[in-house]
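Take a look at the structure set out below.
Bear in mind the structure is a predicted one, so any value in this text is a computation, not a measurement.
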Amino acid sequence: MNPTFTTNYREMAPWLESILNDCQDAVFITDRHFYLQHWNVTAEELWFKQPDRPAKKNIVDFLNRMFPGHHEVHSQLQRAIALDEQVEDIFVAGPDRKTYRISCYTHKFPGTHYLLDVVIILRDLQATIHRKKEIRPGVLYNTLFNSLEEGVMLLQGDQGTIISANNKACEILGCIHDQLIGKNLTDIGGKAYRDDGTPMPIQEYPGMVTLRTGEVIQQQILGFNNALGQLIWLSVSTCLLEEVNAPVPRLVGVTFNDITACREAESRLSESEYIFQSFMNNTHSPAWIVDEDGYIIYMNDIYKRVFKLNDCHLYTNVRDLMPKELVDQYTANNQRVLETGQPLITIESSFQEDGSPAMHLVIKFLLQTSTPKRLIGGQSIDITEEKRAHEEIAKINERFYYTTKATSDYIWDWNIEKGTIYRSEPFSRLTGYAQNDMNLDWLLERIHIDDRQRIMDHINTSLQSRNNYWQDEYQFLCADGSYKYLSDKGYIIFKDGIAVRAIGAIQDLTEKRKLEAELAQQKEKERLRINQAMIAGQEYERNEISKELHDNVNQILSSAIILLSTAKGNGDEQEQLLGKTSQYINLAIQEIRKISKSLNSSIIKEVGFIDPVEDIIKNMQLVRPIIVDFECDPELEMELTHDVQLMLYRIIQEQTNNIMRYAEAGYVRIAIDKSPNQLTLLIQDNGKGFDATKQTKGIGLLNILNRAETLGGTLTIDTKPMGGCRLEVQIPL
């Protein structure tokens, strides 16, 4: 290559130079604006044959000088780039009457629409035509036919009879020439597949379609099982070889290329692009690619969200997208990467997804590509919280220093090698001892005798097991003779397996222990109160049973005895009196059953709590007219434990008794509702209510409260004179 004819960018890679120079056609590689980047020897020879070479080395200027009068070439090349189409059939003639074929191909960055290179190929057709004229027509036909790089077959007749095929067709289909000639397409039906993998009927074979309708097929993709049993993929085209105005063509040419490798490569490329896109869009860090001028080539989803961008902003300069306060440091760091060629790790100001300011740890690096412009990849990690934490740690350390001087934190430092222990000033104020270096023996002597041996054993165990953390509680004797409860925590530092130092802090638990003792006493009092309430409740229930038996059942049985005695001395009405006696006895039995049922908790295990509650409602309505609404999901019986069901039943039983005795209500609502974390029981009536500020809780309400608190629940009562009563129990689940 002529050394004076060079590119403004880096030199051509050796492997690319070797490939281009083996090509007999002139090959030019340009950027998107058609400025030359690489070329081969044939292209250089054409270039230097021009008397007036363009100074800026633009391929469009070169083509205009080489082929004057063909200004449409530029627009066709621009169209190829804009529409991402391959152009292979631009034919032009020069002043020397030579005919050239111009082909144009685009090369984009994988996974993006970013145009990397434009490849333009010039083929001298005059030399090819001249060589063809020197060959005899028959030899020329066979030579051209069999030297084609695509398979060619000639078809004839309704069955698609193969009357001719070249060597490439036999090679692609995996058979010899004699195995194809004379065979019909209908004989090989069932071996083709559509592009989506579904079987292709014989009627859809491109050759059969053209034979049947005269329609010309262009580059149809189909799969085919060749004679070797291999599935290959073909790009098939057809053409008419007879008069185009014939109603049905009698001779059709079929050309096809084996694109299996290309399809597999595209599949692998698509898979690689999918993996790349999936990885980049699932990472929690913004990632991007820009060229050396600052134009965005790629950005992942989180980068778009942070800077409020979308795909419409691709190929836009970052200066037009980023806030002014960020763009200067961003571009300066890009320039450092371009100048040094080395990766750069730095901290840049940025944003979080909610738009708040952030600090990012940014890694920028050059991408190894063959693009005309160098590309810079980048990824950032949000370190805002870490930065804040680091600053906070510095503040905490400063506070800690002053806190040890001015507050009551009890810090100690045990130099195990020297046997001395340092205690901070607050420790002296806590214990009353003068601040000085203390040893372990001095401290152990002041630990309560009940705790001393345990503490010594614990310290020795931690040292021998090389356990870094130590924690314990003990009573410590102060200078005034009193004991304080201390919580002691320490971190032991080992060097070469030997404990050399321990640092820790002490917390005074004296007040906490006092409060815990007071709380224990309060709990004991509460336990006694609950027991008393339970005893009172039992006595209350016994009294109620006694009243029920005396006032109701006893009266019914007494009436039955009187009737029975009367029947003995009255022969005429004896049968009627005995029947009445039987009715009273049955009524007494029913009353006893009702009392037994209300007291028996096993019924909840047998039938659940909904049926017993409905029995309570029926009994209420037997006593006097009253409307009762009961709302409860039947599935709760399967979800709630027996204890909870029994608690609900007893509370409903207790409160409905109160309503029937005192409220004089005409309407009652009972509702049980369950949320994910809570069970709520509501009992509301429109009775006369009472003054909750003056009336103390009776045995009934106290029983309800105790039952709710047993399961960790709460009781709320909302009532006022002549304003009804609303009772709500909430139980955590």
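- Environment of OH in Tyr667: crowded, with over 12 heavy atoms of neighbouring residues, nucleotides or ligands closer than 6.0 Å.
- Without hydrogens or angle criteria, Arg194 side chain to Pro199 main chain gives a donor-acceptor distance under 3.5 Å.
- In this view, Asp301 and Lys304 satisfy the salt bridge (charged side-chain N to carboxylate O under 4.0 Å, His left out) rule, not counting sequence neighbours.
- Although no hydrogens or angles enter the test, the distance criterion places a donor-acceptor pair under 3.5 Å between the side chain of Asn686 and the main chain of Gly666.
- Every ring-ring contact (aromatic ring centres under 6.0 Å, His included) that Tyr491 has, sequence neighbours left out, goes to Tyr469.
- With a 4.5 Å cut-off on side-chain heavy atoms, Ile296 and Trp288 do not count as touching.
- Taking every heavy atom of both residues into account, Gly713 and Pro732 meet most closely at CA-CD, 4.0 Å.
- More than 12 heavy atoms of other residues, nucleotides or ligands sit less than 6.0 Å from atom NZ of Lys308.
- In this structure, Lys512 does not pair ionically with Glu473, as no charged nitrogen and carboxylate oxygen lie closer than 4.0 Å.
- Applying the salt bridge (charged side-chain N to carboxylate O under 4.0 Å, His left out) criterion to Glu637, with sequence neighbours excluded, gives no partner residue.
- The side-chain heavy atoms of Asp488 and Ile455, taken from C-beta on, include no pair separated by under 4.5 Å.
- Across every non-hydrogen atom of Leu509 and Ser487, the tightest pair is CD1-CB, 3.4 Å.
- For the pair Met660/Ile626, a side-chain contact is recorded, criterion being any heavy-atom separation below 4.5 Å from C-beta on.
- With respect to Arg454 and Asp451, a salt bridge is recorded, a charged nitrogen being found less than 4.0 Å from a carboxylate O.
- Environment of OH in Tyr485: sparse, with no more than 12 heavy atoms of neighbouring residues, nucleotides or ligands closer than 6.0 Å.
- At a threshold of 4.5 Å between non-hydrogen side-chain atoms, the residues Phe476 and Leu443 count as touching.
- Other residues, nucleotides and ligands place no more than 12 heavy atoms under 6.0 Å from the CD atom of Glu635.
- Of the possible donor and acceptor atoms, one in the side chain of Ser428 sits under 3.5 Å from a partner among the backbone N and O of Tyr433.
- With Thr719 contributing its side chain and Gly689 its backbone, the two residues share no donor-acceptor pair below 3.5 Å.
- Of the possible donor and acceptor atoms, none in the side chain of Arg446 sits under 3.5 Å from a partner among the backbone N and O of Cys478.
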